[in-house]
Amino acid sequence: MLDINFIRQNLAEVKKSTAEKGYKTDIDAVLKMDDERKEIQKKVEALRTERNSIAAQMKGGKPAPELIEKGKSIKQELSTLESELSEKESLVNNALKTIPNVIFDDVPLGGEECSVEVKKWGKNKEKGTDHLDLATSRDWVDFERGAKVAGAKFYYLKNELALLENALLQFGMKKVLEHGFSYMTTPDLVSSRVLEGTGFAPRSSEQSDEYFIEGEDLALIATAEMAITGYHMDEIIDEAKLPLLYAGYSACFRKEAGAYGKYTRGLFRVHQFNKLEMYIFCLPEQSKEMHEKILGIEEEIWQELGIPYHVINIAAGDLGAPAAKKYDLEYWSPVNQKYQELTSCSNCTDFQARSVNVRVRRKDGKVEFVHTLNGTAISLARAMVAVLENYGTEDGKLKVPEALKPYLGNRDEL
RNA sequence: GGAAGAUUGGCCGAGUGGUUGAAGGCGCACGACUCGAAAUCGUGUAAGGGCUUUACGCUCUUCAGAGGUUCGAAUCCUCUAUCUUCCGCCA
């Protein structure tokens with residue numbers, strides 16, 4: 001969430017970002033609500049001051065009946081005002097959550113189609129292998145039994161494909177470790193505070209894409225980003241310890257309601273997949289550099305795997321609430337003859353940090369919110385699609401990319 | 001799942017109704033000593049909000065969370081969460 005005072009001081013900018021991101025929030029109404037809150041707060045504080053001074057006068061011990069009477073009447077008056085105040089506070093707070101993060105100047109305006117290609121790598125292939133046909137013919141994936149056991153879009157990975165998944169993970173893990181990330185596995189469920197603090201829609205929202213546990217304040221994570229965002233919740237971190245680089249490996253669960261169609265065939269869009277996610281807590285002045293660092297690692301991974309891709313700077317209308325800027329890395333699908341999303345990385349500035357209250361203590365003692373960034377190191381289901389499409393052979397086999405051979409017994413082919 | 005105990009500032013840890021926003025220690029910052037450093041000594045050091053005379057100002061809130069008792073709560077009561085130990089269960 002944004003800081004109410006930041007909104008007041010940067011009203012035009014906040015309004016512009018909110019509109020560009022496609023949010024309908026009436027910012028002026030929120031400010032007016034907050035003004036009302038302040039008025040009540042002033043009254044409450046005046047009463048409390050009086051109460052405190054009466055209590056202080058009685059410290060000696062002598063019970064003065066008039067004072068006690070006065071105290072009693074203040075107590076009465078306070079209780080109604082205080083409940084009014086807390087009501088107003090939660091209204092303001094909920095409204096604040098509906099205002100998205102401000103975008104950076106270099107974010108293209110407009111909808112999805114306005115995203116800008118910033119880099120391109122590799123030579124796009126003209127012909128590829130359908131990943132699902134290949135995997136099915138080799139008994140590498142079983143969607144039918146996945147559906148029988150858990151429903152549509154659940155699957156079993158088998159044999160060489162399951163081994164390929166493991167190889168991709170090992171490869172990705174090696175990369176992030178080389179770049180100084182510390183590896184962790186995370187809880188696969190988080191509380192609503194963490195979910196909403198990360199910027200995801202609450203249980204009550206129609207847009208929510210998460211699986212919620214009935215009767216518990218828990219949801220299955222859609223990405224390890226959620227679990228890691230909560231990792232330092234309510235903490236104040238020493239400046240010297242930043243940046244903190246985490247690579248979290250977890251299962252990811254998404255409802256993906258209504259997201260079926262030609263381009264979501266097979267493993268491309270599923271309800272459950274595994275992912276290694278990079279996450280950084282850093283100083284505000286470091287976050288832009290860290291964003292480029294994460295993007296660089298993502299590019300390095302796909303270059304070494306030999307998969308052609310391009311990088312796009314996501315337009316405002318396609319950005320989520322927490323992101324100030326986001327890059328997507330899309331690989332060239334030789335099957336669909338188009339670019340398809342493979343990874344993405346976002347700079348969330350202090351938006352998430354404010355919501356989950358993660359701060360830094362500067363050398364001079366000042367405390368402020370950190371910046372957070374997240375990026376996909378390797379999302380296994382999609383990574384497998386990209387590899388199969390690019391490395392499938394004419395005779396129904398899979399050529400092993402050089403970078404993965406060490407993790408597949410140095411085999412040339414699967 | 002059952003029982004007992006615990007939860008205090010960046011960290012550790014005193015504190016059972018009224019100079020406690022909170023002793024002491026660690027850490028950190030600054031200063032002294034030093035050629036420099038270590039050690040030592042001294043001083044300072046919670047966060048968040050509001051107001052204005054923007055001042056080393058005034059004020060409010062916060063001792064896990066929520067509610068209650070009281071003129072007054074870190075301290076008493078209730079519920080919830082988490083942690084520890086014991087029992088049960090178990091990969």
Side-chain angles (χ1 to χ4, degrees), chain A residues 1-9 30-97 185-197 203 212-213 215-219 227 230-244 251 281-284 350-370:
Chain A
M1 59 199 281
L2 291 178
D3 175 25
I4 185 84
N5 287 324
F6 174 87
I7 296 172
R8 285 181 192 283
Q9 286 152 22
V30 177
L31 293 183
K32 187 166 166 254
M33 217 184 280
D34 189 55
D35 287 336
E36 291 165 13
R37 196 212 85 230
K38 275 192 199 171
E39 280 313 304
I40 301 173
Q41 183 174 321
K42 279 184 203 168
K43 287 186 204 160
V44 165
E45 286 187 5
L47 277 174
R48 282 174 177 165
T49 307
E50 205 179 343
R51 177 198 64 193
N52 290 347
S53 90
I54 287 174
Q57 287 171 51
M58 273 186 276
K59 262 178 197 162
K62 269 191 232 163
E66 332 63 78
L67 277 183
I68 289 178
E69 275 315 304
K70 182 72 182 157
K72 278 185 180 174
S73 83
I74 287 175
K75 189 162 83 161
Q76 194 110 62
E77 214 176 326
L78 252 182
S79 82
T80 50
L81 265 179
E82 276 177 340
S83 66
E84 224 176 288
L85 179 62
S86 73
E87 223 170 279
K88 210 55 145 183
E89 276 173 348
S90 70
L91 275 178
V92 172
N93 218 25
N94 287 337
L96 272 179
K97 285 185 191 165
T185 61
T186 73
D188 285 339
L189 293 94
V190 293
S191 67
S192 60
R193 183 176 168 211
V194 172
L195 174 123
E196 290 170 39
R203 186 187 291 252
F212 290 92
I213 306 295
E216 308 250 4
D217 182 31
L218 287 171
Y231 187 69
H232 287 295
M233 186 158 70
D234 293 325
E235 293 182 20
I236 299 178
I237 302 166
D238 277 338
E239 176 173 358
K241 290 194 176 140
L242 296 178
L244 284 165
F281 295 89
C282 70
L283 298 170
D350 61 3
F351 192 85
Q352 292 177 328
R354 182 173 293 104
S355 300
V356 293
N357 194 28
V358 183
R359 292 169 295 174
V360 54
R361 185 183 305 281
R362 296 286 195 168
K363 290 207 176 73
D364 65 5
K366 289 216 177 69
V367 172
E368 64 184 305
F369 291 109
V370 300

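Source: prediction; values computed, not measured. Letters A, B, ... mirror the listed sequences (proteins, then strands); counts begin at 1.
Base pairing annotation: B/C11 forms a Watson-Crick or G-U wobble pair with B/G25, both donor-acceptor distances under 3.5 Å. With both pairing distances under 3.5 Å, B/U34 is matched to nothing as a Watson-Crick or G-U wobble pair. Nucleotide B/A46 forms a Watson-Crick or G-U wobble pair with B/U62, both donor-acceptor distances falling under 3.5 Å. Of all nucleotides present, none satisfies the Watson-Crick or G-U wobble test against B/C56 with each distance under 3.5 Å. Nucleotide B/C71 has B/G18 as its partner under the Watson-Crick or G-U criteria, with both atom distances under 3.5 Å. Across all strands shown, B/G5 pairs with B/C83; the Watson-Crick or G-U wobble distances both stay below 3.5 Å. Summarising the base pairing, B/G88 is matched to no nucleotide, lacking a Watson-Crick or G-U wobble pair whose two defining distances lie under 3.5 Å.
Salt-bridge formation is not detected for the pair A/K32/A/D35: no Lys NZ or Arg NE/NH1/NH2 atom is positioned less than 4.0 Å from an Asp or Glu carboxylate oxygen. Salt-bridge check for A/E45 with A/R48: failed, with every basic side-chain N at 4.0 Å or more from each acidic carboxylate O.
Between the NZ atom of A/K72 and the P atom of B/C71 there is a distance of 5 Å, rounded to whole Å. We find that CD of A/E50 is positioned 12 Å from P of B/C60, with the value rounded to whole Å. Atom CD of A/E368 and atom C1' of B/A47 are 14 Å apart (whole Å). If you measure from atom CG of A/D234 to atom C1' of B/A46, you get 15 Å, rounded to the nearest angstrom. Between the P atom of B/G48 and the CD1 atom of A/I4 lies a distance of 17 Å, rounded to the nearest Å. As a whole-Å value, the separation of A/D35 CG from B/C51 C1' is 15 Å. Protein atom CZ of A/R193 is 11 Å distant from nucleotide atom P of B/G65, rounded to whole Å. One interatomic measurement links the two molecules: CG of A/L78 to C1' of B/C60, which rounds to 11 Å at whole-angstrom precision.
Of the side-chain N and O atoms in A/R361, one or more sit less than 4.0 angstrom from OP1 or OP2 of B/A47. Note on A/N52: every side-chain N or O is 4.0 Å or more away from OP1 and OP2 of B/C71. Residue A/R354 places none of its side-chain N or O atoms closer than 4.0 Å to OP1 or OP2 of B/G48. OP1 or OP2 of B/U70 lies within a sub-4.0 Å distance of a side-chain N or O belonging to A/K75.
Note on A/D238: nothing from the nucleic acid sits closer than 4.0 angstrom, heavy atoms only. Using a 4.0 Å heavy-atom criterion, one finds that A/N357 contacts no nucleic acid atom at all.
A donor-acceptor contact closer than 3.5 angstrom links the side chains of A/S192 and A/D217.
For the salt bridge (charged side-chain N to carboxylate O under 4.0 Å, His left out) condition, the pairs that include at least one residue of residues 84-95 of chain A, sequence neighbours left out, are A/E36-A/K88.
Each of B/G72, B/C60, B/G50 was ranked by its minimum atom distance to the side chain of A/N5; first place goes to B/G50. Checking B/G48, B/C71, B/U61 against the side-chain heavy atoms of A/I68 singles out B/C71 as nearest. Checked against B/C60, B/G48, B/G10, the side chain of A/I236 finds its nearest nucleotide in B/G10.
Counting heavy atoms of neighbouring residues, nucleotides and ligands inside a 6.0 Å radius, atom CZ of A/F369 exceeds 12 of them.
When all heavy atoms of A/E196 and A/K97 are compared, the pair lying nearest together is OE1-NZ, 3.5 Å. Across all non-hydrogen atoms, the minimal contact from A/F281 to A/H232 is CE1-CD2, 3.6 Å.
Within a heavy-atom distance below 4.0 Å of RNA chain B, the residues of residues 38-48 of chain A found are A/Q41, A/K42, A/E45, A/R48.
Between A/I68 atom CD1 and A/I54 atom CD1 the span is 10.5 Å, to the nearest 0.5 Å.
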